[in-house]
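Read the numbers this way: they start at 1 and go in the same order the structure lists the ligands and their atoms. Bear in mind the structure is a predicted one, so any value in this text is a computation, not a measurement.
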Amino acid sequence: MKLEKFIRPNIIALAPYSTARDEYQGGEIATFLDANESPYESDLNRYPDPHQKLIRQKLSEIKGVATDQIFIGNGSDEPIDIIYRVFCRPSIDNVVMIAPTYGMYKVSAAINDIEVREVSLDATFALSAEKVLSATDKNTKAIFLCSPNNPSANLLCRDEVEKIVKSFEGIVVIDEAYVDFCEGYRSFIYDLASYDNVIVLQTLSKAWGLAGVRFGMAFASPEIVRIMNKVKYPYNINSLTQTRVMEELNRESEIKEQCREIIAERKKLTEEFQKIEQIEKVYHSDANFVLIKIANPNKLYNYLVDNKVIVRNRNSIKLCEGCLRITVGTEEENINLLKLMNSYEW
Ligand SMILES: *Cc1c(COP(=O)(O)O)cnc(C)c1O
């Protein structure tokens, strides 16, 4: 793919802000009088590393991809927004996305004045590459896929995703926020060398238990990562976050164990939901939540709220009519939820 063809001309021409830390690349021991910082040393008086070198090194080891294939943002929200700002000309270009899917793609498109073309999944939430591809035209710059998909919880069929990646001349975003909860799935981060038009999104907000720090990752070709870095705020990841994330990334084995527990709890919840005859449908989940379909979701939702259990009501979303999305909690929380549902007057 000839990448320049898909980048907004103003972004190609953009000379990024050059930080003091870009200009001096030497070691730590020096007198820094170059950034108008306070000279009174504390753990926060210096600007953070704009390139997040230590973290990208660590992530490179954990993920098995090169450091220059990793972009780091303030949550996944930042790479999503930057993808629009890099590739899509406001009020001219469009993007295609599946429906239902994660709401942020559409909000970010609206903020950037980009037309959204939605392609419905089928009733089983399966993806049709043909339908997605036929929604594109010469101004389609990106296709957003989410796998496992939120709120439908299922992994998208790999063959269909690959068909899209191979046939589409433009960026294919594959959001893998829930990748840690699908055993046996091969992440697209390992195929970046074959697919230079793919941007994989991952996050520390779900399996890693760090939603509060706001840390999202985009994995792509070095060329794409370079251009995204050019557009981000220079110091988008603050020092507190960088320090904390470096510590947390040492907990990989513990996180893997927690994921196994969540997957076991998901299985239990699914089986228990299936025993409740008033639940019309319990959708298969490859994520850390379960989607159920019932006759009167608002009534159950309100009952749970009254009992201080909050789930996500997805009833108003197309193809999710009647659906509640329930995050897998701790064993204790799940038992409490099931108790409430079993004593509910359907
Ligand atoms: C939760 C979620 C994210 C994570 O967003 P952050 O901004 O990284 O917290 C990304 N994509 C999807 C589909 C999600 O459900």
Side-chain angles (χ1 to χ4, degrees), residues 52 55-56 59 62-63 70-85 95-109 111-112 116 118-119 121 125 127 142-156 161 171-182 185 187-189 198-220 228 232-233 236-238 241-242 244-245 248-249 255 258-259 262 266 283 285-291 310-314 317 319-320 323-329:
Q52 304 110 11
I55 295 182
R56 287 193 300 123
L59 280 173
I62 291 175
K63 298 286 180 182
I70 306 172
F71 169 90
I72 297 174
N74 185 330
S76 306
D77 301 333
E78 184 175 5
I80 291 167
D81 178 60
I82 288 184
I83 288 164
Y84 286 111
R85 288 196 281 150
V95 295
V96 172
M97 62 187 67
I98 54 176
T101 196
Y102 184 47
M104 199 58 206
Y105 314 140
K106 216 171 165 176
V107 172
S108 201
I111 291 168
N112 287 289
V116 170
E118 290 184 287
V119 175
L121 298 173
F125 297 124
L127 169 71
I143 294 173
F144 282 80
L145 302 174
C146 182
S147 182
N149 187 37
N150 178 5
S152 59
N154 61 312
L155 210 51
L156 300 178
V161 174
I171 299 296
V172 181
V173 180
I174 305 173
D175 188 343
E176 296 182 350
Y178 299 98
V179 68
D180 305 279
F181 304 106
C182 29
Y185 171 70
S187 166
F188 275 89
I189 66 174
V198 165
I199 300 177
V200 177
L201 302 180
Q202 291 186 8
T203 177
L204 297 188
S205 294
K206 306 286 154 67
W208 284 86
L210 294 170
V213 306
R214 311 305 304 131
F215 191 96
M217 298 158 280
F219 301 90
M228 289 176 70
K232 77 176 180 66
Y233 290 155
N236 60 331
I237 308 296
N238 69 66
T241 298
Q242 293 201 34
R244 181 64 184 268
V245 166
E248 297 283 342
L249 288 176
I255 298 304
Q258 287 181 356
C259 288
I262 296 280
R266 175 181 78 200
Y283 291 91
S285 172
D286 297 299
N288 66 337
F289 58 87
V290 179
L291 192 73
I310 318 301
V311 299
R312 195 86 194 255
N313 192 343
R314 302 283 75 185
I317 291 177
L319 290 181
C320 292
C323 289
L324 297 181
R325 193 192 72 189
I326 302 170
T327 305
V328 179

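- Here the closest non-hydrogen pair linking Asp286 and Pro148 is O-CG, 3.4 Å.
- For atom 9 (O) of ligand 1, the nearest protein heavy atom (residue, atom name, distance) is Ser205 OG, 2.6 Å.
- At the shortest separation from atom 7 (O) of ligand 1 among protein heavy atoms lies Arg214 NH2, 2.6 Å.
- Of all the heavy atoms of Asp77, the ones lying under 4.0 Å from any atom of ligand 1 are found in both the backbone and the side chain.
- For the pair Asp175 and ligand 1, the shortest N or O to N or O distance falls below 3.5 Å.
- Ligand-side atoms of ligand 1 in range of Gly75: 7 (O), 8 (O), range being under 4.0 angstrom from any heavy atom.
- Contacts of Ser76 with ligand 1, taken as heavy-atom pairs under 4.0 Å, involve both backbone and side chain.
- A donor-acceptor contact closer than 3.5 angstrom is absent between the side chains of Asn313 and Arg325.
- Judged purely by distance below 3.5 Å, without hydrogens or angles, the side chains of Ser152 and Asn154 pair a donor atom with an acceptor atom.
- In this structure, Leu319 and Phe125 have side chains that are in contact, with non-hydrogen atoms separated by less than 4.5 Å.
- Within ligand 1, the atoms closer than 4.0 Å to a non-hydrogen atom of Cys146 are 13 (C), numbered from 1 in the order shown.
- With sequence neighbours excluded, the residues forming a side-chain contact (heavy atoms from CB on, under 4.5 Å) with Asn74 are Glu78, Arg214, listed by chain and number.
- Listed by number with element, the atoms of ligand 1 under 4.0 angstrom from any heavy atom of Ala177 are 2 (C), 3 (C), 10 (C), 11 (N), 12 (C), 14 (C).
- Residue Gly216 places every heavy atom at 4.0 Å or more from ligand 1.
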Walk me through whether Tyr84 and Phe144 qualify under ring-ring contact (aromatic ring centres under 6.0 Å, His included). CA-CA 11 Å; Tyr84 286 111; Phe144 282 80; 5.3 Å; yes
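- Side chains of Tyr105 and Asp175: a donor on one and an acceptor on the other come within 3.5 Å.
- Protein heavy atom closest to atom 15 (O) of ligand 1, with residue, atom name and distance, is Tyr178 OH, 2.6 Å.
- A 4.5 Å side-chain heavy-atom check between Met97 and Val119 finds every atom pair outside the cut-off.
- At a heavy-atom distance under 4.0 Å, only side-chain atoms of Lys206, from C-beta outward, approach ligand 1.
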